[in-house]
Amino acid sequence: MHGNALVDKIADSTPDTLSVAATPPTEASVRDDAKARVPFSLRGLGRTLLTVLPLAVVVFALLVAILGPTLGGLDPFEQDLLQRNKGPSAAYPLGTDHLGRDVLARLIVGTRLSLEAGLGGVLVALSLGGLLGFAASVAGGAAETAFYAFVDLIRAMPGVLLALLLVVALGAGLGPVTVALGVTFAPIFAYVARATYRRELAMDYVTAAESFGASGWRILMTHILPNVSGAFVTQGAIVLPRCIVTESVLSFLGLGVEPDTPTWGRMIAQASQFIERNPTAVLAPVIALSLLTISLALLGDRLRRRLDPRRIDEGAAA
Amino acid sequence: MTGTSDDPILTAENLRVTFADRDRTTVAVDGISFSVRRGETLSIVGESGSGKSVTALALLRLVELGGGRIETGTILFKETPDTPPLDLVRADRQTLRDLRGRAVSMVFQEPMSSLNPAHTVGDQIAEVVRKHEGVDKAEARRRAVALLQRVHLPDADRRIKSYPHELSGGMQQRVMIAMALACKPALLIADEPTTALDVTIQAGILDLIRDLKAETGMSVLFITHDMGVVAELADRVVVMRHGRIVEENDVAALFRAPQHPYTRQLLAAATMSGARRLPAAVSTAGVVEAGGTKAPLLEVRDLVTQYPVKTAGFKRAKTHFRAVDGVSLDIHPGEILAIVGESGSGKSTLGKSILRLVEPASGEIRLAGTDILGLKRPDLRRLRRHMQMVFQDPFGSLNPRRTAFSQIAEPLVIHGIAKGADLANRVEGLAKRVGIPSDMLSRYPHAFSGGQRQRLCIARALALSPKLIVADEAVSALDASIRAQVLELMLELQREMGLTYLFISHDIGVVRQISDRIGVMYRGKLVELGETEAVCSAPADAYTRKLLEAVPVADPAASRRMRRAAPGAVGLPA
Amino acid sequence: MTGRFVLIGTTVLRSAFLVLGMAVLIFFLVRIIPGDVVDLVSIEGGLTEEAQQQLRQELGLDRSKPEQLLIWLTNMAEGDLGLSVRFQRPVADLVTRALPTTLALASLSFVIGLALAIGIAVAAVIWPRSAFPALVNAVNVWSIAMPTFCAGILGILLFVLWLGWMPLLGNMVLPSLIIGLDVAGQIVKPLHEDLKEAATAPYIRTAHAKGLDRATIVWRHILPNSLSVVIALSGLIATGLVGGTITMEVLFGLPGIGKLALDSVLGRDYPTIQAVAVLLAGSVVAINAVMGIVARLFDPKLKT
């Protein structure tokens with residue numbers, strides 16, 4: 001296509017700043033730009049920070065999720081009825097909730113639950129949508145039509161409403177919530193499967209493989225799948241924060257995991273009733289949730305740009 | 001031809017254009033100087049990467065839209081002999097806007113994408129007139145109709161209501177030219193305006209530009225890669241390479257006595273047609289003559305391949321488009337048979353049908369006596385090692401995620417022919433044979449140039465020692481000089497290994513220099529089939545004649561003679 | 001003319017099938033749950049076995065599932081949405097009462113979201129060196145990562161409790177701003193990408209070569225070609241609106257359809273769940289259908 005890296009470089013100093021890809025720079029002669037070798041640039045710093053900070057947040061969250069519950073001394077369920085809705089103190093760094101429970105302890109357990117539900121949801125969505133989508137696309141014909149009619153149907157349902165109905169139907173608990181999230185986001189991967197499969201099938205190297213006698217299975221395994229895996233990874237990264245958000249919405253609305261489980265959404269819902277008296281108990285999970293999902297979203301965006309299909313050539317060798 | 005004077009309408013001096021990417025700067029045009037004389041047609045010719053198009057875009061400073069920067073130089077423009085020269089490099093935005101589309105107009109390579117799909121062609125032409133001459137809507141519309149009539153667009157008053165997608169490529173380019181001429185520009189810059197068009201359509205557009213120039217006396221700067229087009233159109237020629245001018249001369253002098261080795265190379269690649277038969281083709285002539293006694297390698301009888309056409313609406317009428325419509329031909333062992341045709345003629349579908357990469361609807365294909373269409377899948381797969389294909393797009397036909405080695409090795413692995421050290425030896429041997437050093441084999445396709453990729457594809461096709469190779473526009477995407485090298489390689493291989501080629505191409509010039517016989521396809525049918533020289537010197541079919549006449553001949557004297565012989569031959573599409 | 005007729009016909013037909021499919025899906029989803037309405041009512045009210053049987057008969061629950069589905073669908077088609085078990089009133093009544101609130105909230109959010117998205121995306125294309133491209137990304141990340149209920153709580157803290165600018169209950173401005181921002185974030189990025197792509201199209205170069213000024217180029221040559229993207233994104237807009245209204249109505253105590261849906265889900269009020277779910281899903285399909293038809297009517301490829 002015409003969009004290339006040049007397009008991003010539209011000079012304000014030039015007459016018309018609307019970008020048009022002229023003939024791209026040619027192989028004519030290339031030299032290093034002295035300016036680009038300057039080690040420090042504000043723009044570059046910003047770009048690095050936007051990758052490093054989210055990465056740090058996600059790694060920290062993972063560590064908390066894995067190690068947090070084993071640290072001991074922190075009981076998310078113990079009620080200290082004399083210390084209800086208290087602000088931060090030495091004993092309770094993030095204060096207590098309306099039943100006098102330690103907000104920090106609950107936050108740590110919630111981190112694990114959010115990541116479990118999110119990752120689980122993506123995994124279910126990917127295997128459900130991706131595998132079935134591929135199978136349907138390979139089968140073609142009526143099977144493909146029928147499958148995608150069903151996918152269209154699910155896709156057209158508002159996400160929150162569908163997840164809500166699924167949770168109602170499947171019952172409470174982390175397992176059912178994960179499945180509900182998986183089904184809700186599966187259509188995205190089913191579409192990716194169909195689109196990438198068709199794109200690859202039209203490539204000359206697939207025709208070439210066919211022309212020297214490769215079997216359909218071999219073409220699928222050696223030529224098509226390696227070239228589409230990037231698209232699935234990217235899409236998974238993009239869907240992960242959305243999965244976590246949807247789980248928190250379900251918990252917030254009082255559905256999803258069991259009532260006394262300290263998910264972030266549930267914590268927010270309960271503490272929001274005492275928001276005026278004790279804002280810390282609300283703000284702590286709100287900030288934790290937003291920080292994690294924003295970090296994941298930023299990383300997903302980076303990944304998407306890295307694996308942009310338009311730059312498949314550069315990405316291939318890496 | 002209008003007399004040219006020494007008074008230049010545009011003079012570029014020491015022009016240097018760069019593109020800055022994130023971490024490096026590319027110099028696209030490296031300090032060139034040239035001038036366009038008033039009333040002349042100056043042609044800038046060069047291969048991809050020469051900087052010719054960037055030069056064209058730099059003149060109106062359109063290159064800045066794509067991130068280019070004019071680093072040094074001046075572009076002096078004199079609209080009339082009496083106006084003071086204006087330096088476009090330093091002109092402000094307002095001055096430039098007033099100039100663009102009025103005094104200097106441009107026509108681009110891709111007519112389809114150069115027209116806005118959201119507006120009618122009439123509106124798009126009227127827009128220029130209204131902008132620069134401030135006339136009212138009705139007057140602008142009248143002018144648009146008149147302009148479309150002037151570029152010989154049939155049904156002009158109806159066509160102004162058409163959207164670009166409703167017109168053919170040739171018509172779209174006529175609309176672009178009408179738009180460029182709307183305000184009677186002093187200079188027309190045409191950037192490869194016929195490259196995306198079929199050769200018969202190209203002939204019409206070239207005639208149109210020549211006629212309009214004669215009528216209006218405007219100056220033309222014509223950018224092209226095609227020496228044939230240069231010979232047809234230009235008064236003077238500038239040859240560019242790697243962002244620099246290597247030679248500049250009068251067209252006749254340049255063709256007669258090229259000074260720079262690169263110009264000679266370009267001319268050699270362009271004038272091979274007809275003038276020089278390559279030895280390989282000559283040597284196989286004997287085989288063809290003996291073909292009468294020998295059984296043909298491939299027999300095709302009444303082949304029909306069709307695609308369903310989707311129709312909108314409730315009732316899905318099952319109509320079919322016959323891409324290949326009853327084609328019969330024989331190919332003899334060791335022969336090069338060329339199939340020529342324009343886009344949509346069905347030539348590529350024919351190639352793919354023969355390998356059964358698309359499923360023919362009816363007919364018969366026999367390879368060395370074996371009925372291909374009757375084969376079951378596994379048998380077909382086994383048979384395919386005898387027939388291989390080389391594709392047009394050297395970028396699309398190699399899997400970007402596999403090394404060059406594994407691409408060449410794949411056919412051998414699939415058919416279980418070799419493994420381990422033997423496999424490595426064979427692959428290295430193949431690579432060496434096509435001129436790829438074996439230390440490059442561990443690299444991925446993006447590390448190779450277009451010509452090298454096509455060599456890899458050829459090596460892959462040869463891996464199974466096939467009898468027949470179907471080359472589908474195998475050299476069309478390559479620059480002329482690279483193309484000559486790859487053709488040379490293909491001919492050498494044919495000689496060495498006794499290969500048989502079915503060579504599919506839109507370029508009768510290329511085909512003429514290598515093939516033993518030529519088949520011409522038009523709308524799915526094989527309209528002519530015969531010995532190459534016979535078809536080219538005495539075509540029996542009307543369409544073949546038209547096709548041959550349309551090919552620009554890279555000889556200024558000859559092409560001008562021909563034009564005088566057939567005046568006003570404007571080939572309009574049906 | 002016939003082309004448009006066919007187009008509208010097929011779109012309507014397709015949408016009708018989609019809604020029907022959704023209704024069937026919703027019906028069976030609600031019936032996966034063990035136990036029915038009567039079990040639920042009897043836990044609370046302690047009905048006798050006989051009374052339970054009678055109630056089942058009245059509600060048609062003794063029939064087979066396909067039969068029940070058929071009856072429900074026919075009733076729905078006739079405008080009878082069923083009887084709410086919890087409120088002991090026709091669902092249609094409940095819906096009619098809740099509808100104005102949701103409609104007001106949704107349309108306000110829609111306008112805010114569309115205006116924000118188009119404004120920011122166009123500004124980012126016109127001034128690519130300004131802060132607008134970064135704003136496109138910021139708004140986009142915000143909507144991906146910031147659940148509307150979190151934004152709502154932050155908004156309440158800031159504007160209602162700390163600054164005291166607006167009341168909590170019955171507040172329409174804050175929730176529609178939050179939903180609007182959420183919707184804008186979802187469409188601003190694809191819109192911006194498309195505008196950028198359109199701005200690099202060769203026909204834009206042609207427009208420059210004609211000598212046109214920047215405003216003409218943006219409004220006449222770039223935007224018309226990107227309109228189809230906004231419309232293609234209408235599905236995202238519609239589902240975003242539905243999700244947003246549910247949480248915002250709950251958080252701000254607005255008596256709309258979203259609140260009704262949640263109450264019925266929490267109260268296992270199956271007839272209401274079914275009806276409201278079909279209504280919400282159906283409205284998304286309807287929005288898509290209308291936008292789709294509008295888009296195709298403006299598409300030059302169909303104007304002939």
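The sequence lines fix the lettering, A, B, ..., with proteins before strands; numbering per chain opens at 1.
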### Query
Looking at C:Ala151, C:Gly243, C:Ala277, which has the largest count of heavy-atom pairs under 4.5 Å with chain A?
C:Ala277
### Partners passing side-chain hydrogen bond (donor to acceptor under 3.5 Å, both in side chains) against C:His221 (at least two apart in sequence or in another chain)
B:Asn116, B:Glu127
### C:Lys189 and its side chain to side chain contact (heavy atoms under 4.5 Å, CB included) partner, picked from C:Val139, C:Val141, C:Asn140
C:Asn140
### Heavy-atom pairs under 4.5 Å with chain C, option from A:Leu164, A:Thr293, A:Val282 with the top count
A:Thr293
### Task
Answer yes if the side chains of C:Thr272 and C:Ser264 hold a donor-acceptor pair under 3.5 Å, and no otherwise.
no
### Query
For A:Leu240, which of A:Leu299, A:Leu119, A:Val245 qualifies under side chain to side chain contact (heavy atoms under 4.5 Å, CB included)?
A:Leu119
### Task
Side-chain contact test, heavy atoms from C-beta onward, threshold under 4.5 Å: evaluate it for C:Ile257 versus C:Leu279 and give yes or no.
yes
### Query
For C:Leu241, is it the side chain, the backbone, both or neither that has a heavy atom under 4.5 Å from a heavy atom of chain A?
neither
### Query
Where does A:Ser248 contact chain C at under 4.5 Å (heavy atoms): side chain, backbone, both or neither?
both
### Query
Can you say whether C:Ile153 sits under 4.5 Å from chain A via the side chain, the backbone, both, or neither, judging by heavy atoms?
both
## Note on the structure
Counting heavy-atom pairs under 4.5 Å with chain C, the top scorer among A:Ala156, A:Ala163, A:Ala149 is A:Ala156
### Query
Given that the side chain runs from C-beta out, which part of C:Leu266 has a heavy atom under 4.5 Å from chain A: side chain, backbone, both or neither?
side chain
#### Entry: chain A contact via C:Asn137 - side chain, backbone, both or neither, heavy atoms under 4.5 Å
side chain
### Summary
Paired with C:Val276, the side chain to side chain contact (heavy atoms under 4.5 Å, CB included) test is passed by just one of C:Ile26, C:Leu260, C:Leu262, C:Asp263, namely C:Leu260
### Summary
Interface check, chain C: of A:Ile244, A:Leu165, A:Val160, A:Leu291, most non-hydrogen pairs under 4.5 Å belong to A:Leu165
## Note on the structure
Sorted by chain and residue number, the side-chain hydrogen bond (donor to acceptor under 3.5 Å, both in side chains) partners of C:Thr148 (sequence neighbours excluded) come out as C:Thr247
